[in-house]
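Here is the structure we will look at, set down as structure tokens.
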Amino acid sequence: MNESSPILNISIFGVFVIATLVVVIRASRNTKTAADYLAAGRAFTGPQNGIAIAGDYLSAASFLGIAGAIALNGYDGFLYSIGFLVAWLVALLLVAELLRNTGKYTMGDVLSFRMRQRPVRAAAATSTMAVSFFYLLAQMAGAGGLVALLLGITGTGGQALVIAVVGALMIAYVLIGGMKGTTWVQIIKAVLLIAGAGIMTVWVLAKYGFNLSSLLGAAVDAAPKAGEKLLGPGLQYGATGTSKLDFLSLALALVLGTAGLPHILMRFYTVPTAKEARRSVVWAIWLIGIFYLFTLVLGYGAGALVGPDKINAAPGKANSAAPLLALELGGPILLGLIAAVAFATILAVVAGLTITASASFAHDIYANIIKKGQEEDKDSEVKVARITAIVIGLVSIGGGIIANGQNIAFLVALAFAVAASANLPTILYSLFWKRFNTSGALWSIYGGLIVTITLIVLSPAVSGKPTSMFKNADFDLFPLSNPGIVSIPVAFLLGYVGTILSKDKADPAKQAEMEVRSLTGAGAEKAIAH
Amino acid sequence: MSTVDHTPSESAPDAQKWADVQASDDFAELKHRLRKFVFPVSGLFLAWYLLYVLLADYAHGFMSTKVFGNINVGLIFGLLQFVSTFVITTLYVRHANKNLDPLAEKLRNEIEGDGK
């Protein structure tokens, strides 16, 4: 990385921070009510929100992680992106519009709609905060590694400082801009990220006469160890029967987890109608799909032009594939741009997660459980959301510093597994199963959460392996690092059994209201005109 | 204020109205049109995704078969997952615009118009 210039990288990132802060401050002028702060006044258009969803979804793990995985492990890296994309069909067909029509600010609104409010909201808030926290930790921990790579800061103290700066900026965005400001940050970041990846993709393809086959051939030639295996599946996951099963388990969590990620679900409330929610998912699917096609080219391009030896030798290893490719193609300036985009990515995703977790606390726990609905939509709800955002920000800074250097892929996998196990079954049952009741909802949320976390704690990701979190302890009773293949069916089953065994009946009046509202949009929250 | 958690608008229809709409033929038709599309299509794309994952996981030889140049079966199947996702998205939007939205709007107007 001799040509890399940390000062240039920081300057370009500084420009991004200042530009987005200006946008956030301008956007915050009209933020007055809870609906403004927590749902951006429901005034974004479908395309705007679709771009913001892409911004929320395409985390640094997607960009740097997948490009790097393809560069080193070839086809197996590509498998990730397919799961991440196909997952959006679940959101489009089964969740987005119905959720927009029935909810207000949080996932808890929908899950508790026809149930007993307080227990179900508490459960929904617990799982929202669990998913957001794991995801947050992964992003913050990733920031440390990224800093080492891009700014040449290798000391833990320096990295901790940068994590703190990232956290402080994120708190500022969320406090000042609320959902509206955060959404604009997502939009700006998504445009930069997709444009940057697009330019690099065309650049790489141009070097190979726009012939994908010759690019693949060059990647094979540059990787004598992997050779032809780079083009087929199996290099990363194909080693043993257990690793194959682990991959199957991961694939399930990816495809079913997306539509249960609270920070994604919350984005559907920022548009005025269900039709706009549908348009946003359509925009998101196209943007995310095209972006993952770019990463395929970038990954093999990095393999071909930079080479696996150089990538493995760089700080950050696989994560450095895309930045090194930028350096190779466009020199320090392109590297600086891509580095700034990668930082922006972490910042924006972290801000989105923070506002989601703080909204869930303020709306589900404070306004509806502690104050029993009396404080809903009052200024105090916004105030509580702001205070919570600061607390979550500080906790994630601390957590990020502690988790720095940990295996972040497993934190992301954990977030998806919890979302797929605790959230998705409960969402689908409450939208589509008439008989589903409070007890079923509690069984599937808490059951899914407990099973997932228990299996993770007992997995080789946490103990017993050289790559584990606790290398010296050994309590890996469950062989897979990804619990989805067990936890998802178990959570569906628990939701069913909990419903059947319970004496309390589903509330038919509330069920009628929810079903009619979810399908027709009658009585749905309207946009706020300023 | 028993409805404080759910009902935002001042023109909230009462419980009887929701039950009546739920029992109406129009609503049954809307529900049928939604479910007859989203349930089978969800089953289909999940099965196709699972088939792809299983092939990539357990049929390395087949997936590595070259079709032309360095393009193998696995890459083509992977790209077909993108294509099927884009196609299903487009088909659903067409179905929703044509068959779901007009009926949903009619019912919504009936419900909300009634409350005012």
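Each chain gets a letter, A, B and so on, in the order the sequences are listed, and its residues count up from 1.
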field: Top contributor to chain B contacts, counting heavy-atom pairs under 4.5 Å, from A:Leu248, A:Val220, A:Leu296
entry: A:Leu248
field: Between CZ on residue B:Phe27 and CD on residue A:Glu515, distance to nearest 0.5 Å
entry: 4.0 Å
query: If you count heavy-atom pairs under 4.5 Å with chain B, which of A:Val282, A:Leu212, A:Asp76, A:Val255 comes out on top?
result: A:Val255
task: Indicate yes or no for a side-chain donor-acceptor contact from A:Ser213 to the backbone of B:Asn70 under 3.5 Å, with no hydrogens or angles considered.
output: yes
- line: So, the part of A:Gln511 with a heavy atom under 4.5 Å from chain B: the answer is both
query: If you take all heavy atoms of B:Ser64 and A:Gly232, which pair is closest and at what distance?
result: OG-CA, 3.6 Å
query: Checking A:Leu519 against chain B: side chain, backbone, both or neither under 4.5 Å from a heavy atom?
result: both
task: Could you check whether the rings of A:Phe432 and B:Phe39 sit parallel, tilted or perpendicular, using 30° and 60° as the cut-offs?
output: perpendicular
Positive for side chain to side chain contact (heavy atoms under 4.5 Å, CB included) with B:Val38, one of A:Leu92, A:Leu93, A:Leu89, A:Val90: A:Leu93
message: Less than 4.5 Å apart, side chain to side chain, heavy atoms only: is that true for A:Leu216 and B:Leu75?
response: yes
- prompt: When rounded to the nearest 0.5 angstrom, what distance separates CZ in B:Phe77 from CD1 in A:Ile82?
  reply: 11.5 Å
- request: Answer yes or no: is there a side-chain heavy-atom contact under 4.5 Å between B:His60 and A:Lys229?
  value: no
- request: Rounded to the nearest 0.5 Å, what's the gap from OG1 on A:Thr520 to CG on B:Asp101? Could you check?
  value: 11.5 Å
- prompt: If you count heavy-atom pairs under 4.5 Å between each of B:Phe45, B:Phe68, B:Phe37 and chain A, which one has the most?
  reply: B:Phe45
- prompt: When heavy-atom pairs shorter than 4.5 Å are enumerated against chain A, which of B:Gln22, B:Gln16, B:Glu105 gives the highest number?
  reply: B:Gln22
query: Does the distance from a Lys or Arg side-chain N to an Asp or Glu carboxylate O, for B:Lys17 and A:Glu513, drop under 4.0 Å?
result: no
- prompt: Looking at A:Ser214, A:Ala522, A:Gly217, A:Gly241, which makes the most heavy-atom pairs under 4.5 Å with chain B?
  reply: A:Ala522
field: Option that, when pairs with chain B are counted at under 4.5 Å, heavy atom only, ranks first among A:Tyr292, A:Tyr237, A:Trp88, A:Phe78
entry: A:Phe78
query: Which one of A:Leu293, A:Leu256, A:Ile290 has the most heavy-atom pairs closer than 4.5 Å to chain B?
result: A:Leu293
message: So does A:Ala251 get a backbone contact from the side chain of B:Tyr49, meaning a donor-acceptor N/O pair under 3.5 Å?
response: yes
message: Counting heavy-atom pairs closer than 4.5 Å to chain A, which one of B:Thr85, B:Val73, B:Thr65, B:Val41 comes out on top?
response: B:Thr85
- prompt: Is any NZ, NE, NH1 or NH2 atom of the basic residue among A:Glu228 and B:Lys66 found under 4.0 Å from an Asp or Glu carboxylate oxygen of the other?
  reply: yes
B:Glu112 side chain to A:Gly523 backbone, donor-acceptor under 3.5 Å: yes
query: Would you call B:Leu107 and A:Val516 a side-chain contact if the rule is heavy atoms closer than 4.5 Å?
result: no
- prompt: To the nearest 0.5 Å, how far apart are CG in B:Leu34 and CD in A:Glu97?
  reply: 8.0 Å
query: How far does CG of A:Leu252 sit from CG of B:Leu50, to the nearest 0.5 angstrom?
result: 6.5 Å
field: CZ on A:Arg517 to CD1 on B:Ile111, rounded to 0.5 Å
entry: 10.0 Å
